[in-house]
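I have placed the structure first, in the form of C-alpha cells, so that the comments after it can refer back to it.
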Amino acid sequence: MNREFCMTITNPDGIDNVHRKLQKSLTRSEGLRLSLLCLANMTGSLLVLAPALLCLAAGTGALHFGEQLNGPLDWFLFELLIVGALFCGVVAVDLLFTRPGPDNGVAVTRAQSPELFAMLERRLSHFRLENINRIYLDDGADIQIFSSPRWLLPFAHKRRLHIGTALLFFLSPVQFRLALAGAVSAYTTTRRSKHGSLAQSQFDWKKIFEAINARNSISSKILRIPLGWIAALIVLLGKGLEHHNRQMQYRWLQENTDERSVSDLLAGRIVASRYLEEQYWPTIMKSAEICAEPVVHPFGHFEILLPGNLQVADARRWLLTAQASSLELRDLLAELGIDNLKWTGLPSASAFGALFNEPAILEQLDQYWRKQIEPDWNNHHQEYQLKYQRFQRLQKLASRQTLHGRSALSFVDLAAELLDHDQAIKAWQSTWEANHNDAAVCLACGQALLMADAIDSGRKALQRVVQLDPSQAGAVRKMLREYGVTKPSDRQQHTA
C-alpha cells in the first residue's frame, strides 16, 4: 500500500486524480470546506502574530537566564535569546507599520453629493447598520459595500461603499436607489449570518497579502510565500460564499419590488460591465499607441461618448453571451424566476445627474486614473512602437524580396494588429501564396484569413497545409468546422 501511495504522488496523473477527488470532497461537504476555511484563517493569524509572540517568549527567557548565569552554556543561551528577541522584535514592528493598501477610486465628500449621503444614511438606519466610513467612485460597473482590515489581521474592519462611475450613467435615479438598497441588504445579511466572517476572510487575506507583497522588507521576505499559500487557499475555499452574497442582493430586491425592476437593474449592470470591458476601455487604451502619456479624459467625456458608442445590437449580444456563458448568472436568473434579460436602453435622466450637482468629481477621477494607469500606459506605448518599427522594417524588406520563415510569421502576426481589415487580408493572401511550400506560414495565414471572414482564401491556404503536411489534417478540419466550413460546396455558400 505504501508503494502504491508513493507511485501515486510521484505520478502527475496520480496528482491530478488526488486534486480532483479533493475538489469533489470539498464541493460535496460544506462542513469540511468551512472547517478548512476556519483552520486556514487561524493559521494565517498565528503566522502574522508569530514574530510578536516569539519576541515576547525570547525576551522572557532572556530575563530568566539573566538572573542565573552559572556557566558558558547559560551565557550562550542568554545571548541567543537576546538576538532572537531583537530579530523577532524588528519583524513585529515592521508588520505593525505595514497596513493594507488604499482603496481603489476617489472618495466622495458630503459637499459633492449630499443626496447620496442622505440616501445611504436612510438605508443604514433602515437595516440598523453602523455607519459607512467612506464612499468611493471607481472605474468599475457595480455597487457594493466592502470591509477591509485596518491591520494585517482579519479583524477591526473599516467599511466603505464602492460605486462604479459608469453604472451611474446606465441607471435611472429610481434604479440606483434599488441597487443601493440591495447592496446594503446583502452586506447586512452576510455580516449577520453564521458564515459572515468566513465570507469576509477571503477579501481580508487578499488585502493582507497584497500589503505584504508590496513591501521589500525583511518581514515580507519571510512571510510572502506562506501567506501567499494561505491567501490562495482561503480564496479557493470561500469562492461559493461570494456567489451567495450576490444572490442575496437580488433576492432582497425581488421580495421588495417587482420582477421587471429587478430584471432591468440586472440587465443594466451587465451591459455597463461588458461595455467597459469590451468596448470603452480597449478604445481608451488604443490612444496609448500614439500618445506617450495618458492625456485622455475617460470619465469627463464618458457621458458625451456613451450615446454614440453604445449600440442596442451590441447590448443585446452582450446579454445573450452573458446568459449563455455564465453558469452563475443562469443560476441567479433561475432562482429569481427570470426567463430572459432585456435591456430597455439608457435612461432619459441618469443617476449621476441626480446625485452630483457639479462634474468636478469626474475631473478628480480622471486625475486618479491617469496616475494609476501611467505605468501600464507607458509599457503599452513602448510595446506598440517596437511592434510598429519592426513591422515597418518587414514591410521595407518585403518590398525588395519575399519574406520567408520567421520573418513571414512575424509579418502575419503584426499585420493583424497594425493594418486595417482589407489591407491585412491582402497581406495574408500574398504572404501564403509567396510561401506556398511552407506549411507553417500557410497555416498562420489560413487561420488569420478565417478569423477575418475571408473564408474562401483561408480554406485554400489550409488545403495547401494538408498537401504539404498530412499530419495537420485533423487540426485543419477542426479549424474549418469552427468557422462553419465543412465541405467544398461551402465555398460557393460563403462567396454568395
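All of these numbers come straight from a predicted model, not from anything done at the bench. Numbers here simply count residues along the sequence, with the first being 1.
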Answer yes or no: is there a donor N or O on one side and an acceptor on the other, between the side chain of Asp366 and the main chain of Gly300, under 3.5 Å? yes
Classify the angle between the aromatic ring planes of Phe169 and Phe352 as parallel (below 30°), tilted (30 to 60°) or perpendicular (above 60°). parallel
Please report the C-alpha distance between Lys396 and Arg400 in whole Å, then the side-chain angles of each, then the deciding distance to 0.1 Å, and finally whether the side-chain contact (heavy atoms from CB on, under 4.5 Å) criterion is met. CA-CA 7 Å; Lys396 188 175 181 179; Arg400 299 195 302 264; 3.6 Å; yes
Is there a side-chain contact between Arg477 and Arg481, using heavy atoms and a 4.5 Å cut-off? yes
Donor-acceptor pair between Asp142 and His162 side chains, under 3.5 angstrom: no
Would you say that more than 12 heavy atoms from the other residues, nucleotides or ligands in this model lie under 6.0 Å from the CZ of Arg260, or not? no
Which distance, rounded to the nearest 0.5 Å, do you find between the OG1 of Thr188 and the CG of Leu124? 7.5 Å
Minimum side-chain heavy-atom gap Asp314-Glu278 below 4.5 Å: no
Flag the pair Ile270 / Trp343 as yes when at least one side-chain heavy-atom distance between them is below 4.5 Å, and no otherwise. no
Would the distance check show the side chain of Tyr275 and the main-chain N or O of Asn309 forming a donor-acceptor pair, the cut-off being under 3.5 Å? no
Flag side-chain contact, heavy atom, 4.5 Å: Leu168 against Phe302: no
If we only count heavy atoms from C-beta on, is the Val235 to Lys206 side-chain gap below 4.5 Å? yes
Close side-chain approach of Leu137 to Phe356, heavy-atom, < 4.5 Å: yes
Of all the heavy-atom pairs spanning Ala141 and Arg269, show the shortest one and how long it is. O-CG, 3.5 Å
Take Tyr384 and Ile290 through the test side-chain contact (heavy atoms from CB on, under 4.5 Å) and record every step on the way to the result. CA-CA 9 Å; Tyr384 179 84; Ile290 303 172; 5.9 Å; no
Short N-O contact, Lys426 and Asp422, less than 4.0 angstrom: no
Criterion side-chain contact (heavy atoms from CB on, under 4.5 Å) on Ser410 and Leu394, from CA distance to verdict: CA-CA 8 Å; Ser410 297; Leu394 290 173; 4.0 Å; yes
Could you check Leu266, Asp258, Leu265 and say which one makes a side chain to side chain contact (heavy atoms under 4.5 Å, CB included) with Leu253? Leu265
Where the side chain of His381 meets the backbone of Cys291, is there a donor-acceptor pair that is under 3.5 Å apart? yes
Least distance between heavy atoms, Val465 atom then Leu443 atom: CG2-N, 3.3 Å
For the backbone of Ala452 and the side chain of His421, can you confirm whether one donor and one acceptor N or O come within less than 3.5 Å of each other? yes
Between Phe127 and Tyr187, is the gap from one ring center to the other below 6.0 Å? no
Let me see the working for Glu259 and Ser263 under side-chain hydrogen bond (donor to acceptor under 3.5 Å, both in side chains), right down to the final yes or no. CA-CA 6 Å; Glu259 180 182 316; Ser263 177; over 6 Å; no
Glu293 atom CD: more than 12 heavy-atom contacts under 6.0 Å: no
Would the number of heavy atoms belonging to other residues, nucleotides or ligands and lying under 6.0 Å from CE of Met119 be above 12? yes
Atom OG in Ser201, atom CG in Asn41: separation rounded to 0.5 Å? 4.0 Å
Side chains of Gln254 and Tyr250: is there a donor and an acceptor less than 3.5 Å apart? no
Mark yes or no for whether His436, through its side chain, and Glu433, through its backbone, hold a donor-acceptor pair below 3.5 Å. yes
Are Gln112 and Gln364 packed together at the side-chain level, in the sense that at least one heavy-atom pair is separated by less than 4.5 angstrom? yes
State whether Glu374 and Lys371 are salt-bridged, where the test is any N-O pair (Lys NZ or Arg NE/NH1/NH2 against Asp/Glu carboxylate O) under 4.0 Å. no
Assess whether atom CG of Asp339 is packed by more than 12 heavy atoms of other residues, nucleotides or ligands within 6.0 Å. no
Is a side-chain donor or acceptor of Arg99 paired with a backbone partner of Ala211 at a separation under 3.5 angstrom? no
Whether Gln144 side chain and Leu161 backbone form a donor-acceptor pair below 3.5 Å: no
Please check this pair: side chain of Asn213 against backbone of Phe209, looking for a donor-acceptor N/O pair closer than 3.5 Å. no
Scan side-chain atoms only and decide if Tyr368 and Asp138 contain a donor-acceptor pair under the 3.5 Å cut-off. no
Mind checking whether Glu303 and Leu362 have side chains closer than 4.5 Å, heavy atoms only? no
Between Gln279 and Thr283, do the side chains contain an N or O donor and an N or O acceptor separated by less than 3.5 Å? no
Is the CD atom of Gln175 crowded by more than 12 outside heavy atoms at less than 6.0 Å? yes
Exceeds 12 heavy-atom contacts within 6.0 angstrom, atom CZ of Arg134: no
Any carboxylate oxygen within less than 4.0 angstrom of a Lys/Arg side-chain nitrogen, looking at Lys207 and Asp204? no
Arg370 backbone acceptor or donor facing Trp377 side chain under 3.5 Å: no
Step by step, work out the side-chain contact (heavy atoms from CB on, under 4.5 Å) result for Trp369 and Val296. CA-CA 10 Å; Trp369 178 84; Val296 294; 3.7 Å; yes
Is the backbone N or O of Arg215 less than 3.5 Å from a side-chain atom of Ser220, with the two atoms forming a donor-acceptor pair by type? yes
Please find the pair of heavy atoms, one from Ala40 and one from Leu233, that lie closest to each other, and give the distance. CB-CD2, 4.1 Å
For the pair His297 and His301, name the ring-plane relationship: parallel under 30°, tilted 30 to 60°, perpendicular over 60°. tilted
Compare every heavy atom of Ala427 with every heavy atom of Leu419, then report the nearest pair and how far apart it is. CD1-CB, 4.1 Å
